[in-house]
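Reading through the structure tokens given below for one structure.
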Amino acid sequence: YLTVQEKADAGIVISASHNPYEHNGIKVFNEKGYKLPDAIEEQVEGKILTDIYPAATHGEIGVLRHGLRQSREAYIDHLAGTIEGDLSGLRVLVDCSNGASSATAPELFGRFRCFCDFIHREPDGVNINTDCGSTHIEGLQLYVREHHLDVGFAFDGDADRCLAVDERGQVLNGDKIMYICAKHFKERGQLPSNTLVTTVMSNFGLYKALDKAGIRYEKTAVGDRYVYENMKENDFMIGGEQSGHIIFRKYAHTGDGLITALMLMQVMIDTQLPLSVLAAGVTMYPQVLKNVRVDDKDLTLADAAVQAAVD
């Protein structure tokens, strides 16, 4: 968002996503705020690893301009403008995963008239995602249930994914969140093309629920960039992954956990229904992911016996 607003040539994020700090790498966005294609990322990585361009030092370094506070305010203003009205009456707990949302979620949620508390919002550079956030959601479940809250949200380290916990302490993954939002938007005439974009990892139960709700769907390869490419090409507005990477294209070009949380709370306020009821339309089916090492992936996938087993 800020790369576009600042008319910058690129944006760079230092992140390990949902992993421990020692896995930190970089994400690069182009001037339009889109993730770079794989081929371009590989070119950038190749240049870095081969030391074609040595590190700049002293007078070679470009202009450094500190604008953190203003930039953060601009981003939070944008987030707050994605929903209408207030969220008064909702009792909310947010797990910031000692990551990026620690700097934004408290001020954002503080703008709405809901009761909101926060946990794991004290990053020290090494505690990101450690026993907290979307990969360790057990503590959030217990707290929401014991304190009779309406909803809990768990972000990952860079806050592009979001999982929710209902008032009973049950986890809502990305599939359930997408179903709730898509169904609500459809009922309000706000789901152009009446289509939700998913990946091949989404649960069969989601597709059964979408069929019943009369909502069409697309399936892409795993990865939010593939989801967004499909959305952009076909002018679809909602898409995402079971992991909680969800894109609301009207407001962002990538997954944004804070927007996801706001969209879900908007549905709760509009319907005056608890999350457990809103999610009841989806019955998750048993699902197993098994990796098989092969010599040639394309050849294996084209094999008739493999295709028959998949079918």
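What you see below is based on every heavy atom in this structure, not just the backbone, and it leaves out hydrogens, waters and symmetry mates. Everything quoted here is computed from the prediction, not taken from an experiment.
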Report the distance from atom CD of Gln266 to atom CZ of Arg188, rounding to the nearest 0.5 Å. 7.5 Å

Calculate, to the nearest 0.5 Å, the distance between atoms OH and CD belonging to Tyr34 and Glu229 respectively. 11.0 Å

Can you name the nearest heavy-atom pair linking Tyr251 to His78, along with the distance? O-NE2, 2.9 Å

Please check if the number of heavy atoms outside Glu22 that lie under 6.0 Å from its CD is greater than 12. yes

Using the six-membered ring wherever Trp is involved, compare the ring planes of Phe118 and Phe109 and label them parallel, tilted or perpendicular (cut-offs 30° and 60°). perpendicular

Would you please classify the geometry between the Tyr75 ring and the Tyr1 ring as parallel, tilted or perpendicular, with 30° and 60° separating the classes? tilted

Give the minimum heavy-atom separation between Phe155 and Gly257, together with the two atoms involved. CE2-O, 3.2 Å

Could you tell me whether Ile14 atom CD1 has more than 12 heavy atoms of other residues or ligands within 6.0 Å of it? no

Under the 6.0 Å and 45° cation-pi test, does Lys219 pair with Tyr207? yes

Under the criterion salt bridge (Lys or Arg N to Asp or Glu O under 4.0 Å), I'd like the reasoning laid out for Arg111 against Asp77: C-alpha separation, chi angles, the key distance, then a yes or no. CA-CA 10 Å; Arg111 296 192 182 190; Asp77 287 344; 2.6 Å; yes

Phe236 and side chain to side chain contact (heavy atoms under 4.5 Å, CB included): which partner among Asn194, Asn230, Ile247? Asn230

Passing candidate, side chain to side chain contact (heavy atoms under 4.5 Å, CB included) with Ile215, options Leu210, Ile238, Thr195: Leu210

Is Ile259 reachable from Leu191 through a run of I, L, V, M, F, W or Y residues, each pair having side-chain heavy atoms under 4.5 Å apart? yes

Going by heavy atoms in the side chains, are Phe153 and Leu93 under 4.5 Å from each other? no

So, do Val94 and Cys116 sit near enough that their side-chain heavy atoms are less than 4.5 Å apart? yes

Test item: Thr220 and Thr198 side chains (from C-beta on) under 4.5 Å apart, heavy atoms: no

Report yes if some heavy atom in the side chain of Met263 is under 4.5 Å from a heavy atom in the side chain of Phe185; otherwise report no. yes

Heavy-atom pair with the smallest gap, counting every atom of Ala279 and Lys176: CB-CD, 4.2 Å

For Asp86 and Ser88, test the side chains for any donor-to-acceptor distance below 3.5 angstrom and give the result as yes or no. yes

Take atom NZ in Lys35; do more than 12 heavy atoms of anything else shown fall under 6.0 Å from it? yes

State the CD-CG distance between Glu218 and Asn234, to the nearest 0.5 angstrom. 5.5 Å

In terms of hydrophobic clusters joined by side-chain contacts under 4.5 Å, are Ile246 and Ile137 together? no

How about Leu262 and Met265: do any of their side-chain heavy atoms sit closer than 4.5 Å? yes

Quick check: is Val227 connected to Ile177 through a chain of hydrophobic side chains (ILVMFWY, heavy atoms under 4.5 Å apart)? no

Indicate if Leu140 and Phe115 have the same hydrophobic cluster label, given that clusters are the connected sets of ILVMFWY residues with side-chain heavy-atom separations under 4.5 angstrom. yes

Measuring only between side-chain heavy atoms, which start at C-beta, is Thr199 closer than 4.5 Å to Gln242? no

Got a salt bridge between Asp235 and Arg249, using NZ or NE/NH1/NH2 to carboxylate O under 4.0 Å? yes

Begin with the C-alpha distance, continue with both residues' side-chain angles, and end with the deciding distance and a verdict on salt bridge (Lys or Arg N to Asp or Glu O under 4.0 Å) for Asp38 and Arg225. CA-CA 10 Å; Asp38 289 341; Arg225 79 174 60 197; 2.7 Å; yes

Heavy-atom closest pair, residues Leu275 and Val165: CD1-O, 4.0 Å

Residue pair Asp160, Lys27: steps toward the salt bridge (Lys or Arg N to Asp or Glu O under 4.0 Å) verdict: CA-CA 12 Å; Asp160 59 356; Lys27 290 181 181 179; 3.1 Å; yes

Are Met178 and Val277 connected in the hydrophobic side-chain network, where two residues link if heavy atoms are under 4.5 Å apart? yes

With a 3.5 Å cut-off and no angle check, do the side chains of Asp175 and Ser202 form a donor-acceptor pair? yes

Give a yes or no on this: more than 12 heavy atoms of other residues, nucleotides or ligands lie within 6.0 Å of atom CD of Glu84. no

Derivation of the salt bridge (Lys or Arg N to Asp or Glu O under 4.0 Å) call for Arg161 and Asp224: CA-CA 10 Å; Arg161 67 178 69 183; Asp224 60 326; over 6 Å; no

Using a strict threshold of under 4.0 Å (side-chain N to carboxylate O), is an ion pair present between Asp117 and Arg91? no

Are any of the side-chain heavy atoms of Tyr21 and Asn129 separated by less than 4.5 Å? no

What I want to find out is whether Arg121 reaches Asp95 closely enough, with some N-O distance under 4.0 Å, to be called a salt bridge. no

Please tell me if the side chains of Lys297 and Leu301 come closer than 4.5 Å, counting only heavy atoms from C-beta onward. yes

